[in-house]
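Shown next, in structure tokens, is the structure this report addresses.
Letters A, B, ... are given to chains in the order of the sequence lines, protein chains preceding strands, and every chain is numbered from 1.
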2 protein chains.
Amino acid sequence: MGTIVKSEKCDDEIFWRWFVTQRTYTISDLTSLFDVTTRTLRYYEEMGLLTPQRRGTQRLYSERDRVRIQLILRGRRLGFSLEEVRDMLSLYDADPTEITQLREVIHRGDEKLAQVEEQIRELQAVRKELLEWRGKMQQTLASKMKGEQQA
Amino acid sequence: MGTIVKSEKCDDEIFWRWFVTQRTYTISDLTSLFDVTTRTLRYYEEMGLLTPQRRGTQRLYSERDRVRIQLILRGRRLGFSLEEVRDMLSLYDADPTEITQLREVIHRGDEKLAQVEEQIRELQAVRKELLEWRGKMQQTLASKMKGEQQA
DNA sequence: CTGTAATATTCCGTTGACGTCAACGGAATT
DNA sequence: AATTCCGTTGACGTCAACGGAATATTACAG
């Protein structure tokens, strides 16, 4: 991990812009950053979710790749399949030239959005049920403790 | 599917209460009700998520089973594993006699709750990003259409 | 220059969540 | 008695998403 600290003395605008945009990562940088294995990152690449550059045979991940990994992992945590994640990433990738294509991609985005919102609603229902359950359990606990005290 | 309509003439309280609480379902009732296969329901049973009664060799699902299936399927939609779903169901099952056990189960519930809330937050972040993306795309679309009109 | 730690590729294994197929049981209808 | 329609139990197949070992190359610190 190229240990570059910000304020060395080269913190002029130009360098900093270079640092932020051109910063690259080795595969192990990212495995330790996100706590995943190299196998996982290579698999994501195999599935077409990542396309890091190569320096010879070695992979060189860009800032963009890093962000994509972050998005992929969040998607996985939320229960999306890699295929679904790829669909969502393709939304951000797309820079459609034709208006019809543009409309179509917006439409696909709207569908995903609706799906996400539905998922939020269901999760809130789960949350509500858990809270109600918790209330009842607390009550049970309180009454039990009262009984305990009297005995 | 025993086609029992409500208002036949036997809709007195007692019968209705029996109907609602003692109603049973065959496996195919439930597969058509939830659009899952028999394999799925048997698998859930194999994994200890369901324990339907038996009439001879046939499974007889109760109202409680039906509700559990509903919860399981919602959990799956939300990206929980069957194991996680079982944990959550066990919360509702538990009727702990000892106070320490009671505290422990409440604690587990709180952990799940925290997890659910974190998941909601992440989903809302996804939603926000999608909305921002949509805004930009709309803008692109608008400017493109303007150009189109002039040409 | 040389060892050794990091990477790459390849290939087989595993786990979760089912699908699928064969072989059969029992009730009901014809 | 034969057919039809659920339903059952194995047992094996499958697909996604990696795990892990073996082997072969680099890359770079001393």
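Taking only side-chain atoms of Gln58(A), from C-beta outward, the nucleotide of dC18(D), dT7(C), dC18(C) with the closest atom is dT7(C). Side-chain atoms of Leu82(A) lie closest to dC18(D) of the nucleotides dC18(D), dA17(C), dT9(C).
The existence of a salt bridge linking Arg121(B) and Glu118(B) is confirmed by a sub-4.0 Å separation between a basic side-chain nitrogen and an acidic carboxylate oxygen. Between Glu83(A) and Arg86(A) there is a salt bridge, since a side-chain N of the basic residue sits under 4.0 Å from a carboxylate O of the acidic one.
Phosphate proximity of dA17(D) to Arg86(A): absent, as no side-chain N or O sits under 4.0 Å from OP1 or OP2. For the OP1/OP2 pair of dT8(D) and a distance below 4.0 Å, the side-chain nitrogens and oxygens of Arg59(B) include at least one atom meeting the criterion. Thr26(A) has a side-chain polar atom (N or O) that falls below the 4.0 Å cut-off from OP1 or OP2 of dT7(C). Neither OP1 nor OP2 of dC18(C) sits under 4.0 Å from any side-chain N or O of Thr37(B). Of the side-chain N and O atoms in Ser28(B), one or more sit less than 4.0 angstrom from OP1 or OP2 of dG7(D). For Thr57(A) and dT7(C), the shortest distance from a side-chain N or O to OP1 or OP2 is not below 4.0 Å. Dashed line: the shortest gap from a side-chain N or O of Tyr43(A) to OP1 or OP2 of dA16(D) is not under 4.0 Å.
Using a 4.0 Å heavy-atom criterion, one finds that Ser81(B) contacts the sugar-phosphate atoms exclusively. Here Arg54(B) lies in heavy-atom contact (under 4.0 Å) with sugar-phosphate atoms only. Within the 4.0 angstrom heavy-atom criterion, base atoms lie near Arg42(A).
For Asp35(A), the CG atom is loosely surrounded, since the number of other residues' heavy atoms within 6.0 Å does not exceed 12.
Residue Glu46(B) contributes atom CD, which lies 12 Å from atom P of dC18(C) at whole-angstrom precision. Counting to the nearest Å, the P atom of dT7(C) and the CD atom of Gln53(A) are 17 Å from each other. Taking atom CG of Leu41(A) as the reference point, atom P of dG20(D) lies 15 Å away to the nearest angstrom. A straight line from CG of Leu30(B) to C1' of dT8(D) spans 16 Å, rounded to a whole angstrom. For Ile69(B) and dC18(C), the CD1 to P distance is 12 Å, given to the nearest whole Å. Atoms CZ (Arg55(A)) and C1' (dC28(D)) sit 11 Å apart, rounded to a whole Å. The nearest whole Å value for the distance from the CD1 atom in Ile72(A) to the C1' atom in dA16(D) is 15 Å.
Residue side chain Arg39(B) reaches the base of dT20(C) through a donor-acceptor N/O pair under 3.5 Å, judged by distance alone.
Judged purely by distance below 3.5 Å, without hydrogens or angles, the side chains of Asp65(B) and Ser62(B) pair a donor atom with an acceptor atom.
By the rule that hydrophobic residues join a cluster once side-chain heavy atoms approach within less than 4.5 Å of another member, Tyr92(A) and Met137(B) end up as members of one cluster.
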